[in-house]
Amino acid sequence: QIGDENVHRVRAVMDEVFGDQNCVAQIVFTKTTGSTTDTIAAVFDTLLWFAKDISKVKVRKLYQAQTPGEEGAKEYKRVETLDGVLHPLSTFLNGTKLELPNGARIFATDSIVSKGGDDPDIEFPSSSGPIVLSCKPNRHWKPGAKGIPQLWKVGRLLRQSGLRIYKRYLDDFPFRPLTNIWTDTRGEDDARYVVQTDEKPLERCVLMATDPGDLVLDPTCGSGTTASVSESWGRRWITIDTSRVALALARARIMGTRYPFYLLADSREGQIKEAEIT
């Protein structure tokens, strides 16, 4: 983790040590509301994620819940009620609160074709005359020529001509993958240590790159946030610092914090608990 004043230097060193092909990600995350400046306030830090061998790196993808209208879900602008009628999402907004009737589903539309190929036209009957769907030229049906009639039959396509007619419901998978821009990680303004980082970005690092029982090494202890997060998620850890102040802060923090209790998967108690859950 490094600020923008030195990230290019650290990145160059890590490219030399690990090889630029082993850079997994460069992540920026907000850390503060910013201070007064004559130019532009710096409100983010950068995380550099490198692997010894990117083909063997352990990655546990993380997801964020999607909310209509917010980042990553702005295309969900319509609602389908139980009677099959379509409404704008704004119809069910009461101020800033969304109030949907029972059984209503929020959806976005998506294209049903991709580039390449030359699939045939498909015709469907309707009360106002036949609807012809054509993906020509140089395009093919995403679900295949046989899949389009099935989607039409189960109501997954808007009953109209055009190609952007696939209905993607928000509750199909109401999450989106985490990207390399984290805007929800602003920490405390009254940090106890000069370079203290909020737990959320470190928690994500631990969850993305390790499993329970893995060993986490933090060679720059600071206030002990990495060790504390690792302990709370069942990871083993080693933390190091040259400063007695940092070690004292970390020791007090770890010894004075209450952590979740975990049952070991290979213990009798753990096997009983797993059986109860599954």
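What you see below is based on every heavy atom in this structure, not just the backbone, and it leaves out hydrogens, waters and symmetry mates.
A salt bridge links R204 with D184: the closest approach of a Lys/Arg side-chain nitrogen to an acidic carboxylate oxygen falls below 4.0 angstrom. Ion pairing of K58 with D211 is present here, as a side-chain N (NZ or NE/NH1/NH2) and a carboxylate O approach within less than 4.0 Å.
Using modelled atom types, one side-chain atom of K142 and one backbone atom of S111 make a donor-acceptor pair closer than 3.5 Å. Proximity of a side-chain donor or acceptor of Y166 to a complementary backbone N or O of V113 within less than 3.5 Å is not detected. Side-chain N or O atoms of N180 include none that pairs as donor or acceptor with a backbone N or O of A25 at under 3.5 Å. A donor-acceptor pair is defined here as one N or O able to donate and one able to accept, closer than 3.5 Å; no such pair exists between the side chain of T257 and the backbone of I254. At distances below 3.5 Å, at least one donor-acceptor pair connects side-chain atoms of R156 with backbone N or O atoms of K167. When atom types are taken as modelled, the side chain of E80 and the backbone of L86 share no donor-acceptor pair closer than 3.5 angstrom. Using a distance-only test at 3.5 Å, with no hydrogens or angles considered, no donor-acceptor pair links the side chain of R11 to the main chain of N6. In this structure, T46 contributes its side chain and V28 its backbone to no donor-acceptor pair below 3.5 Å. The closest donor-acceptor contact from the side chain of D241 to the backbone of A246 lies at 3.5 Å or more, if one exists at all. Distance alone, capped at 3.5 Å, is enough to place a donor-acceptor pair between the R139 side chain and the C135 backbone.
W141 places none of its side-chain heavy atoms less than 4.5 Å from the side chain of K146. At least one side-chain heavy atom of Q160 sits less than 4.5 Å from a side-chain heavy atom of I165. Taking 4.5 Å as the limit, some side-chain heavy atom of E231 sits within range of a side-chain heavy atom of W237. Between F92 and T81 the shortest side-chain heavy-atom distance falls below 4.5 Å. With a 4.5 Å cut-off on side-chain heavy atoms, T91 and V79 do not count as touching. Counting only heavy atoms from C-beta outward, the side chains of Q1 and F29 approach each other to under 4.5 Å. W152 has its side chain within reach of R159: a pair of non-hydrogen atoms, C-beta onward, lies under 4.5 Å apart. A heavy-atom distance below 4.5 Å is not found between the side chains of V17 and F50.
Atom CD1 of I240 sits about 9.0 Å away from atom OG1 of T220, to the nearest 0.5 Å. Atom CD1 of I272 and atom CG of L263 lie 9.5 Å apart (nearest 0.5 Å). Taken from CG in D218 to OG1 in T226, the straight-line distance is 4.0 Å, to the nearest 0.5 Å. The line from CG of L151 to CG of L157 is 5.0 Å long, rounded to the nearest 0.5 Å. L89 contributes atom CG, which lies 7.0 Å from atom CG of L100 (distance to the nearest 0.5 angstrom). To the nearest 0.5 Å, atoms CD (Q26) and CG (L48) are separated by 5.0 Å.
Hydrophobic clustering of Ile, Leu, Val, Met, Phe, Trp and Tyr side chains at less than 4.5 Å, counting indirect connections, unites L158 with I112. Put simply, L178 and V57 are part of the same group of oily side chains (I, L, V, M, F, W, Y) that touch within less than 4.5 Å, one to the next. Hydrophobic clustering (ILVMFWY, side-chain heavy atoms < 4.5 Å, transitive): Y259 and V206 are in distinct clusters. In terms of hydrophobic clustering, with Ile, Leu, Val, Met, Phe, Trp and Tyr side chains grouped at heavy-atom distances under 4.5 Å, M14 and I2 are assigned to a common cluster. Hydrophobic cluster membership differs between I148 and V132, with clusters built from Ile, Leu, Val, Met, Phe, Trp and Tyr side chains linked at under 4.5 angstrom.
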One pair to check against side-chain contact (heavy atoms from CB on, under 4.5 Å): F173 and Y63. What are the steps and the verdict? CA-CA 10 Å; F173 188 70; Y63 295 86; 4.0 Å; yes
Intermediate values then yes/no, side chain to side chain donor-acceptor pair (under 3.5 Å), R78 and T109: CA-CA 9 Å; R78 305 173 75 177; T109 55; 5.5 Å; no
Apply salt bridge (charged side-chain N to carboxylate O under 4.0 Å, His left out) to the pair R164 and E75, showing each step before the final yes or no. CA-CA 12 Å; R164 194 175 181 84; E75 71 273 23; over 6 Å; no
Step by step, work out the side-chain contact (heavy atoms from CB on, under 4.5 Å) result for V59 and W49. CA-CA 11 Å; V59 179; W49 183 2; 4.1 Å; yes
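For E16, the CD atom counts as loosely surrounded, since its 6.0 Å shell holds 12 or fewer non-hydrogen atoms of other residues, nucleotides or ligands. In this structure, R168 places its CZ atom where more than 12 heavy-atom neighbours from other residues, nucleotides or ligands lie under 6.0 Å away. No more than 12 heavy atoms of other residues, nucleotides or ligands shown are found within 6.0 angstrom of NZ on K273. Annotation: W233, atom CH2; neighbour count of heavy atoms from other residues, nucleotides and ligands within 6.0 Å does not exceed 12. Shown here is L215, whose CG atom has more than 12 heavy atoms of other residues, nucleotides or ligands within 6.0 Å. Around CZ of R268, the count of heavy atoms belonging to other residues, nucleotides or ligands within 6.0 Å does not exceed 12.
Contact between D45 and G3 at its shortest, heavy atoms only, is OD1-CA, 3.5 Å. Nearest heavy-atom pair, I54 versus C23, reported as atom, atom and distance to 0.1 Å: CD1-O, 3.7 Å. Here the shortest heavy-atom pairing between G116 and H140 reads O-ND1, 2.7 Å. Between P201 and T185 the shortest heavy-atom distance is CD-CB, 4.0 Å. Taking every heavy atom of both residues into account, C221 and L247 meet most closely at SG-CD2, 4.4 Å. Residues R253 and G224 share a closest heavy-atom pair of NH1-C, 3.9 Å.
Residues R176 and Q64 have side chains that bring a donor and an acceptor to within less than 3.5 angstrom of each other. Under 3.5 Å, the side chains of Y76 and T67 contain no donor-acceptor pair of N or O atoms.
Under the 6.0 Å distance and 45° angle rule, R105 counts as a cation-pi partner of Y169.
Each of T239, L202, T210 was scored for a side chain to side chain contact (heavy atoms under 4.5 Å, CB included) with V216, with one residue passing: T210. Each of R236, E203, R235 was checked for a side chain to side chain contact (heavy atoms under 4.5 Å, CB included) with S230, and the lone residue meeting it is R235.
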